[in-house]
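Note that these values count all heavy atoms, side chains included, but never hydrogens, waters or copies made by symmetry.
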Amino acid sequence: MGYNGGYGSSWDYGSVNAADRAALNRCSDTGCRVLTRFVNSCGAVAYNPGTRYYWGGQGATESEAKRDAISRAGGGRWIAYACTTRYRSP
């Protein structure tokens, strides 16, 4: 996520470093940073309009990842999520 709302994403890479590089390279903004990492599970990003901050979260399911991101943001709404292809629903 960048300073002005630009973003990049990646998943199903062989290493954390490769996934981080791919996401940052896809970010169309300045000051981009990785908000969440997840392995064989799901990740989500939430936005809190009160604080104007984006937060990442992760969980074993799509719902858990969304709830975690919103909780970390201190409220707001989820704006994106993804699950790895090796994700196994509990």
Side-chain angles (χ1 to χ4, degrees):
M1 186 61 68
Y3 292 132
N4 296 306
Y7 67 92
S9 60
S10 67
W11 57 91
D12 288 338
Y13 278 77
S15 73
V16 171
N17 288 338
D20 285 356
R21 278 193 309 276
L24 293 171
N25 286 337
R26 291 180 180 136
C27 186
S28 60
D29 206 345
T30 58
C32 294
R33 62 189 177 100
V34 174
L35 294 181
T36 189
R37 294 179 179 96
F38 51 98
V39 177
N40 297 336
S41 60
C42 302
V45 174
Y47 177 70
N48 183 330
T51 62
R52 296 175 42 191
Y53 284 114
Y54 294 89
W55 292 87
Q58 66 90 30
T61 66
E62 169 191 332
S63 296
E64 286 180 17
K66 290 175 183 177
R67 279 194 304 272
D68 186 48
I70 291 168
S71 174
R72 291 173 185 272
R77 60 185 169 79
W78 67 271
I79 59 168
Y81 79 92
C83 297
T84 63
T85 57
R86 291 178 294 280
Y87 160 72
R88 290 178 192 45
S89 179

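The heavy-atom pair separating Cys42 from Ala65 by the smallest distance is O-CB, 3.6 Å. In plain terms, the two heavy atoms of Thr36 and Val34 that are nearest each other are O-CG1, 3.5 Å. Considering every non-hydrogen atom in both Ser10 and Ala19, the closest pair reads OG-O, 2.6 Å. The two residues Val16 and Arg37 have their closest heavy-atom pair at CG1-NE, 3.5 Å. Between Gly59 and Ser41 the shortest heavy-atom distance is O-CB, 3.2 Å. Nearest heavy-atom pair across Ser28 and Gly6 is OG-CA, 4.0 Å.
Asp20 CG to Cys32 SG: the interatomic distance, rounded to the nearest 0.5 Å, is 12.5 Å. Of the inter-residue distances, the one linking Asp12 atom CG with Thr84 atom OG1 reads 5.5 Å to the nearest 0.5 angstrom. Here NZ of Lys66 is found 5.0 Å from OH of Tyr81. Values are rounded to the nearest 0.5 Å.
Here ring-ring contact (aromatic ring centres under 6.0 Å, His included) pairs that include residues 36-76, with residues two or more places apart or in two chains, are Tyr47-Tyr54.
The backbone N or O of Ser9 sits less than 3.5 Å from a side-chain atom of Arg26, completing a donor-acceptor pair. Panel note: side chain Asp68, backbone Glu64; no donor-acceptor pair is recorded below 3.5 Å. The backbone N or O of Ala69 lies less than 3.5 Å from no partner atom in the side chain of Ser71, so there is not a single donor-acceptor pair.
Contact check for Asn48 versus Arg77: no side-chain heavy atoms found under the 4.5 Å cut-off.
Cluster annotation: Leu35 and Ile79 are assigned to the same hydrophobic cluster (Ile/Leu/Val/Met/Phe/Trp/Tyr, side-chain heavy-atom contacts under 4.5 Å, transitive).
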